[in-house]
Engineer: 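Before I ask anything, here is the structure I am working with.
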Amino acid sequence: MSRLIQNSIRNTLFRLKPPPSITLSSTLTNNLSTSPEPSPEPPLDETSQSSAIWNVIIGRAGDNRVVSEDEVFHRLSDDPLCKKVNLSDTLLHKLLHRFRDDWRSALGVLKWAESRKAHKNNPTEAYDTAVDILGKAKKWDRMKEFVEKMRCDKAVTLNTVAKIMRRFAGGGEWEEAVRVFDRLNEFGLEKNTETMNLLLDTLCKEKRAEQARAVLLELKAHIKPNANTFNIFIHGWCKANRVEEALWTIQEMRGHGFRPCVISYTTIIRCYCLQCNFIKVYEMLSEMEANGCPPNSVTYTTIMSCLNAQKEFEESLRVATRMKRSGCEPDTLFYNCLIHTLARAGRLEEAERVFRDEMGSVNTSTYNSMIAMYCHHDEEDKAVELLREMESLKVCEPDVHTYHPLLRSCFKRGDVVEVGRLLKEMVTKHHLSLDESTYTFLIQRFCRADMCEWAYCLFEEMISQDIAPRHRTCLLLLEEVKKKSMLESVERIEHVMKTVKLTAPVK
DNA sequence: ATAGGGTTAG
């Protein structure tokens, strides 16, 4: 379903526009900054190689046809620039990933890649990806064809099998997933507890706990389940919001001589959290302690995150206190959550203390929480200071979320020059590409700042980047360009709204 | 792939 939508977006987008030139926000950043620096011409690095190939593949001259894999193959083979490209395994992987929703192009790229290197090193990974892409597109026959070829080459690994089973189960073909398990020996793999768990987990993750149960009953005589097996089921039942069955699985687990572990309990706690049944959450916590299975950092972080989602920050901090009292060893994800909680509770100094003195290792998320906190309390200087610290310490790199609060502050101050400067920094210094949420956010803010020309610019760029705008974003922008009588833009937006499958508003 | 982050409100 989602593949169909994405494909239709892609195809529709290509109909709308001549080949996109991937010049990220360049007009915008140059025009908004007071002193536009001349950007030096980059050498043909991996990114530009990738862009070159990308442009060839999607550079169809405004026609409506869906391009076949052979056509993609020929275009790439015939293009002079692509002939010069040094096709490494990493680049191939990147390309396949980029075409993960477009199996025709992906197969064309793979065929071209194979033609380029007669003595290839290790095709298995690319094949695994191809199988995955075909499975995602529910091109079962083509997928099976690939698998057969891999079987003859003795190239099927556990990873391959996992992908096939997952795609079958996810596509509603769970019987086929079971059949893959039945054929494991043909692939040179063994039917054992590990591979059985793989199948069961696949089924459970694709919301087929019932079927997984049936499979287990059938296989039980030949393959012994282990503790993981039961945890997989606990997760499966919780995912289906059937906590009763999850609790019953704990008993079943005991019946097989396994003791429920911290993972078993934490999974159920998370389920109660999502139901907002905090009475049961605390009951379960006590039960864990009583059963000699003390909660760990994951357990506490899970509870705190759920409380935070309910804006129960003080209660969340009480959970953190309880954790510290218990002597449980905190980890980075816990600290990130704690910092976020303290920030939202308005306790800046405490957050700073945790950040500076308590935490052993930090990551991008840690900085992001701190930066968001400073921006939220109008201490942008400190926020920028932390950004510079990230850049100089190089422990972790900024991402788009690092910049969101900073951008928000600029708009709040009405400093669009700074907006342009930051965008340029994101793109040129950190090689970040704007994502859907960033585009949406920027378009909204530019509209509100009565600068819908820039908003429209970003809208066009978004579409040329193959990112579908939200319905609400279109409506907002449409209203603004109408006010300014930007007739061509009005027409374009209306056309996009009619032809592109828009992203629904979140929640 | 046996468990756990966030964002955007006047």
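Just so we're on the same page: letters track the sequence lines, and every chain starts at 1.
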Engineer: Would you say Asp132(A) and Thr129(A) are linked by a side-chain donor-acceptor pair, where the criterion is simply a distance under 3.5 Å?
Structural biologist: no
Engineer: Measure centre to centre between the rings of Tyr127(A) and Phe146(A), then say whether the value is under 6.0 Å.
Structural biologist: yes
Engineer: Specify the separation, in whole Å, of atom CZ of Arg259(A) and atom P of dT2(B).
Structural biologist: 23 Å
Engineer: Kindly point out which of dT8(B), dG4(B), dA1(B) is positioned nearest to the side chain of Asp201(A)?
Structural biologist: dA1(B)
Engineer: NA contact type, His401(A), heavy-atom cut-off 4.0 Å: base, sugar-phosphate, or nothing?
Structural biologist: base
Engineer: How is Arg448(A) classified with respect to the nucleic acid when contacts are heavy atoms under 4.0 Å: base, sugar-phosphate, or nothing?
Structural biologist: base
Engineer: Please report, rounded to the nearest Å, how far the P atom of dA1(B) is from the CG atom of Asn159(A).
Structural biologist: 10 Å
Engineer: Grab the NZ-C1' distance between Lys311(A) and dT7(B) for me, whole Å please.
Structural biologist: 10 Å
Engineer: Checking understanding here: a glycosidic angle within 90° of 0 is syn, the rest anti, so what is dG5(B)?
Structural biologist: syn
Engineer: Parallel, tilted or perpendicular: which one describes the rings of Phe446(A) and Phe411(A), with boundaries at 30° and 60°?
Structural biologist: perpendicular
Engineer: When the P atoms of dT8(B) and dG4(B) are considered, how many whole Å apart are they?
Structural biologist: 24 Å
Engineer: Identify which nucleotide among dG5(B), dT2(B), dG4(B) has an atom closest to any side-chain atom of Asn228(A), counting heavy atoms from C-beta outward.
Structural biologist: dT2(B)
Engineer: Using a distance-only test with no angle check, is there a side-chain donor-acceptor pair under 3.5 angstrom linking Thr299(A) and Thr302(A)?
Structural biologist: no
Engineer: To the nearest Å, give me how far apart CG (Leu407(A)) and P (dA9(B)) are.
Structural biologist: 16 Å
Engineer: Between dT8(B), dT2(B), dG6(B), which nucleotide gets closest to the side-chain atoms of Asn368(A)?
Structural biologist: dG6(B)
Engineer: So which nucleotide from dT8(B), dG5(B), dA3(B) ends up closest to the side chain of Ser365(A)?
Structural biologist: dG5(B)
Engineer: Mark yes or no for a side-chain to base donor-acceptor pair under 3.5 Å between Thr301(A) and dG4(B), with no hydrogen or angle criteria applied.
Structural biologist: yes
Engineer: Just compare dG4(B), dA3(B), dT8(B) and give me whichever is closest to any side-chain atom of Arg470(A).
Structural biologist: dT8(B)
Engineer: Report yes if a donor N or O on one partner sits less than 3.5 Å from an acceptor N or O on the other, where the partners are the side chain of Ser297(A) and the base of dG4(B); otherwise report no.
Structural biologist: yes
Engineer: Can you tell me how far P of dT2(B) sits from CZ of Phe230(A), to the nearest Å?
Structural biologist: 16 Å
Engineer: Students often get this wrong, so: under 4.0 angstrom with heavy atoms, is Phe441(A) touching a base, only sugar-phosphate, or nothing?
Structural biologist: nothing
Engineer: Can you measure Trp237(A) atom CH2 to dA3(B) atom P for me and round it to whole angstrom units?
Structural biologist: 17 Å
Engineer: So what does Thr266(A) hit on the nucleic acid, given a heavy-atom distance under 4.0 Å: a base, only sugar-phosphate, or nothing?
Structural biologist: base
Engineer: Would you mind telling me which of dT2(B), dG5(B), dG6(B) lies closest to the side-chain atoms of Leu333(A)?
Structural biologist: dG5(B)
Engineer: Looking across every strand, which nucleic acid part, if any, lies under 4.0 Å from Arg408(A) by heavy atom: base, sugar-phosphate, or nothing?
Structural biologist: sugar-phosphate
Engineer: With respect to Met426(A), which candidate in Asp399(A), Thr402(A), Leu406(A), Leu407(A) satisfies the side chain to side chain contact (heavy atoms under 4.5 Å, CB included) definition?
Structural biologist: Leu407(A)
Engineer: Between atom CZ in Phe334(A) and atom C1' in dG6(B), what is the gap in whole Å?
Structural biologist: 16 Å
Engineer: If the plane angle is over 60° it's perpendicular, under 30° parallel, otherwise tilted; pick one for Phe355(A) and Tyr367(A).
Structural biologist: perpendicular
Engineer: Taking only side-chain N and O atoms of Arg344(A), does any of them lie within less than 4.0 angstrom of OP1 or OP2 on dT7(B)?
Structural biologist: yes
Engineer: Would you classify Asp331(A) as touching base, sugar-phosphate or nothing, given that sugar-phosphate means primed atoms plus P, OP1 and OP2, and contacts are heavy atoms under 4.0 Å?
Structural biologist: base
Engineer: Side-chain N or O of His340(A) less than 4.0 angstrom from OP1 or OP2 on dT7(B)?
Structural biologist: yes
Engineer: Which whole number of Å gives the distance between the P atom of dT2(B) and that of dG6(B)?
Structural biologist: 22 Å
Engineer: Taking NZ from Lys412(A) and C1' from dA9(B), how many angstroms apart are they, rounded to a whole number?
Structural biologist: 9 Å
Engineer: Considering only atom P, compute the distance from dG5(B) to dA1(B) and round it to an integer number of Å.
Structural biologist: 15 Å
Engineer: Name the closest nucleotide to the Arg166(A) side chain, picking from dT2(B), dT7(B), dA1(B).
Structural biologist: dA1(B)
Engineer: Relative to the ring of His93(A), is the ring of His97(A) parallel (under 30°), tilted (30 to 60°) or perpendicular (over 60°)?
Structural biologist: parallel
Engineer: With a non-hydrogen cut-off below 4.0 angstrom, is Asn296(A) in contact with a base, only sugar-phosphate, or nothing?
Structural biologist: base
